[in-house]
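Positions are given from 1, in the same order as the sequence printed here.
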Amino acid sequence: MRVSISHDARSQAMTLLAAAAISIVLWFIPFAEILTYPFRVFVTFIHEGGHAIAAVLTGNSVQSLSIAMNASGETYTTKGGLWSQVFIASAGYVGSMLFGGLLLILIRKAIAARVVLLGSAGLIMALTIIYGLFKPLVSWSGLWGVPFTFFAGILLSVGLVAVARFAKPRVATFFVSFLAVQCVLNALLDLKTVFFLSSPFAPSVHTDAQNMSIATGVPAILWTVVWIALAFIILWFSMRLYVDSRDEKPQPDLPFEDSPLA
């Protein structure tokens with residue numbers, strides 16, 4: 001089936017391509033990870049939040065959720081039954097892809113970028129307050145006892161709200177596109193890493209795929225292949241919806257279009 005970009009999607013497609021191009025170029029610039037570090041932490045919040053939300057949806061409890069300074073994360077939940085374990089373990093990488101695709105679809109389907117940014121800020125703030133303040137991994141011992149999860153979550157939430165409040169509409173739209181690209185690319189890169197770590201010759205490193213292997217008896221590398229396949233399916237459907245035409249009139253915060261709000 002042939003897929004073409006509808007006329008009203010072309011301006012947004014240019015924005016998305018620009019966001020993807022900038023993300024890729026930054027990989028090859030020395031010390032550029034300083035610029036992308038907040039986005040990496042944001043994606044880690046989404047990944048770990050996926051585990052936490054999946055646990056709550058399956059009737060399990062979240063014991064802790066933490067983000068480290070190296071942008072890695074850990075989430076501990078009660079195990080529950082086999083299917084809940086499968087759902088919880090899969091919700092990290094698959095959830096990141098779903099969130100990235102959702103960001104694209106929302107701004108494409110006439111949802112203002114400011115609303116998307118405020119919703120993302122609300123999600124990060126909820127995860128921060130619940131798991132970075134009320135359920136910290138480290139005990140409170142003055143200021144130094146506050147976990148990094150709390151500080152990172154507050155700064156991310158405030159930053160997202162600031163962009164939504166003060167950025168021009170087309171800048172806000174580009175920012176959402178960049179967030180979506182970061183979610184998608186980081187999920188794919190992490191899955192590639194997990195694939196190699198799941199091979200018989202890789203060093204023993206604890207991963208979500210190993211959790212799945214322990215729970216089901218299926219080799220970790222097969223679960224990684226399943227997640228990679230699901231990631232590309234999600235990406236395909238998201239892009240398919242992104243390039244489709246829509247009936248609504250274009251919103252005033254679409255990129256590269258004249259706007260009285262710009």
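Grouping the Ile, Leu, Val, Met, Phe, Trp and Tyr side chains by contacts below 4.5 angstrom, directly or via other members, places F151 with I154. When hydrophobic clusters are built by joining Ile, Leu, Val, Met, Phe, Trp and Tyr residues whose side-chain heavy atoms come closer than 4.5 Å, directly or via intermediates, I29 is not grouped with I34. Hydrophobic clustering (ILVMFWY, side-chain heavy atoms < 4.5 Å, transitive): F174 and F166 are in distinct clusters.
L222 places none of its side-chain heavy atoms less than 4.5 Å from the side chain of M212. At a threshold of 4.5 Å between non-hydrogen side-chain atoms, the residues L160 and F42 count as touching.
For the ring-ring contact (aromatic ring centres under 6.0 Å, His included) with Y93, the lone residue among F232, W223, W227, F195 that qualifies is W227.
Side chains of S198 and Q210: a donor-acceptor N/O pair is absent below 3.5 angstrom, by distance only. H47 and N186 are not linked by any side-chain donor-acceptor pair at a separation below 3.5 angstrom, with hydrogens and angles left out of the test.
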Check your understanding: Do F175 and F39 pass the ring-ring contact (aromatic ring centres under 6.0 Å, His included) test, and can you show the C-alpha distance, the side-chain angles, and the key distance before you say yes or no?
Key -> CA-CA 11 Å; F175 196 86; F39 297 96; 5.6 Å; yes
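When every heavy atom of T78 is checked against every heavy atom of I88, the shortest pair comes out as O-CD1, 4.3 Å.
Looking at T149, its side chain does come within 3.5 Å of a backbone N or O of I67 through a donor-acceptor pair. T58 places a side-chain N or O within donor-acceptor distance of the main-chain N or O of A55, the cut-off being under 3.5 Å. Side chain of R40 to backbone of N70: no donor-acceptor contact under 3.5 angstrom is found. Judged by distance alone, the side chain of N60 and the main-chain N or O of T77 form no donor-acceptor pair under 3.5 Å. Remark: the backbone N or O of A68 is not paired with any side-chain donor or acceptor of S72 at under 3.5 angstrom. At distances below 3.5 Å, at least one donor-acceptor pair connects side-chain atoms of S213 with backbone N or O atoms of V218.
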